[in-house]
Amino acid sequence: MNVEMAYLLGMVLGNGEVQRGTSNTRITIDIPHKNMYTDDGKDAAIYVRASLIDIEDIIRPLVNTEIKHIPGKRSTQISFEKSNDEYITRELVRLFGAGTKHNTMKFADELFDITIDEKKSLLRGFADVTAYIRKSNIAFGQEGHHRVYIEIPGNWDMVIDIANMLKSLDIPVQTIDFGHPNFRDSNLKKYNQGQPGYWKKEHQVKIWANEFLPIGFHIKHKQSALENYAEELLTCMDSEQTHKFYWEKPIRTRNKPIHPCENDPSLPVSIRGKHFESWTQLAEALGYHE
C-alpha cells in the first residue's frame with residue numbers, strides 16, 4: 001500500500017464499479033458534479049475536468065495503462081482496464097471484498113491498519129467522488145455552521161467504516177443522517193401518504209468543515225469551498241466546540257412513533273425490528289462508538 005494506491009482505492013470504494021471478465025477487469029469511477037454550478041456561480045463540470053489532470057497524475061503510474069474519460073451532464077467517468085493476472089488488479093479486487101459496485105463493497109479489515117497518510121489519502125479519494133460542501137450544508141440553520149456531507153447510498157457497512165476511519169484519525173462526525181425510517185420519515189408523514197419506501201435514501205455522514213481540512217479534496221472547487229467555509233465557520237465557533245465526538249456531548253433524543261418499516265428486510269439483521277430515538281443510538285448499535 002502507498003498513498004497513491006490508497007487514493008485510487010478510496011475512489012473506487014466511494015463511487016466505483018468493477019467488471020470482471022475472463023481475462024481482464026475494467027474499473028470505472030464516477031465523479032459527480034451534483035450541482036451544475038458552484039456557490040460562486042462557476043460551472044462545476046469544468047472544475048471536475050480540470051481536476052482530472054491532478055487525479056490522473058496520481059493514478060496513472062499505478063495502473064500504467066490508458067485512462068478513458070466519459071463526460072456527462074451530471075458526472076464525469078474515468079475507466080481503465082487491466083489483466084486479471086496483474087498485481088494491481090488482484091490487490092484492488094481483494095481489498096474491495098466480494099462487492100462489484102460501491103453499494104456492495106466493504107472495507108477490508110487491514111485498511112484500518114494502514115498508515116495515517118494512507119488513511120487520509122483513501123478518505124480524500126472517497127470524498128472526491130461522494131462528498132459535498134455547499135453553503136446550504138449548514139447545521140441547525142445557523143449562519144456559518146458549515147459542514148461536509150459524505151453521501152453513501154444504501155451501504156450500511158460502508159457508512160460505519162467511514163465513520164470509524166475518521167475516528168482513527170481523530171476526526172469526529174458531527175452527525176449521521178441514516179437512511180432509516182426513524183430518521184428519514186420519523187413522523188410517518190410519507191408513509192401515511194402512501195410512500196412506504198420514502199425513507200430508503202442515502203446515508204449522509206456530516207463533518208464540520210474545519211475538522212475535514214486534514215482530509216481535503218483533489219477536486220479544485222471542493223477544496224476551495226472547504227477552505228473558505230472552514231475559515232468562516234471558525235468566526236462563529238471555536239475548534240473546541242467542533243472537535244467533539246458524540247459520546248463526549250450530551251445526547252439529544254426525541255420521541256418518535258414506531259414506524260411499520262422498522263422490520264423492512266433491507267435493513268441489517270442487527271438493527272431490524274429495533275426502534276431508535278437518536279442517530280447516536282443507531283450508530284452505536286452498528287459499531288461506531290467510543
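- The salt bridge (charged side-chain N to carboxylate O under 4.0 Å, His left out) pairs that include a residue from residues 152-172 number zero, where partners must be two or more places apart or lie in different chains.
- Looking only at side-chain heavy atoms (C-beta outward), Leu111 and Leu13 come within less than 4.5 Å of each other.
- Aromatic rings from Tyr246 and Tyr288 are positioned such that their centres are separated by under 6.0 Å.
- A donor atom on one side chain and an acceptor atom on the other are found under 3.5 Å apart for His259 and Asp185.
- Looking at Lys135 and Glu143, their side chains come closer than 4.5 Å, going by heavy atoms from C-beta outward.
- For Glu240, the CD atom is loosely surrounded, since the number of other residues' heavy atoms within 6.0 Å does not exceed 12.
- Under the 4.0 Å criterion applied to side-chain N and carboxylate O atoms, Glu277 and Lys256 are not assigned as salt-bridge partners.
- Applying the 6.0 Å contact sphere to CD1 of Ile116 captures no more than 12 heavy atoms from other residues, nucleotides or ligands.
- Residues satisfying the salt bridge (charged side-chain N to carboxylate O under 4.0 Å, His left out) criterion with Glu56, sequence neighbours excluded, are Arg60.
- Atom CZ of Phe245 has more than 12 heavy atoms from other residues, nucleotides or ligands within 6.0 Å.
- Distance check, rounded to the nearest 0.5 Å: CG of Leu9 to CG of Leu123 gives 10.5 Å.
- Glu202 is listed as a side-chain neighbour of Arg184, based on a closest heavy-atom distance under 4.5 Å.
- Residues Leu233 and Ala209 approach most closely at CD1-N, 4.1 Å, considering heavy atoms.
- Between Lys201 and Asp177 there is no salt bridge, since none of the side-chain N atoms of the basic residue sits less than 4.0 Å from a carboxylate O of the acidic one.
- Atom CD of Glu231 sits in a sparse spot, with 12 or fewer heavy atoms from other residues, nucleotides or ligands closer than 6.0 Å.
- With rounding to the nearest 0.5 Å, the separation of CD in Gln223 from NE2 in His218 is 9.0 Å.
- Annotation for Asn192: atom CG counts as buried by contact number, over 12 foreign heavy atoms lying within 6.0 Å.
- Note that the CD1 atom of Ile271 and the CG atom of Asn263 stand 11.0 Å from one another [nearest 0.5 Å].
- With hydrogens and angles left out, the side-chain atoms of Thr25 and Asn84 include a donor and acceptor closer than 3.5 Å.
- Side-chain contact check for Gln77 and Thr28: no donor-acceptor pair (N or O, by modelled atom type) lies under 3.5 Å.
- For an aromatic pair to be called close, the ring centres must be under 6.0 Å apart, and Trp156 with His203 satisfies this.
- Ring pair Phe112/Phe107 is tilted by interplanar angle, where 30° to 60° counts as tilted.
- Judged purely by distance below 3.5 Å, without hydrogens or angles, the side chains of Ser83 and Glu86 never pair a donor atom with an acceptor atom.
- With sequence neighbours left out, the ring pair (Phe, Tyr, Trp, His ring centres under 6.0 Å) criterion links His146 to Tyr229.
- Within a 6.0 Å sphere centred on CD of Glu290, other residues, nucleotides and ligands contribute 12 heavy atoms or fewer.
- Counting heavy atoms of neighbouring residues, nucleotides and ligands inside a 6.0 Å radius, atom NZ of Lys68 does not exceed 12 of them.
- Checking Thr115 against Asp117 by side-chain atom types alone, no donor-acceptor pair falls below 3.5 Å.
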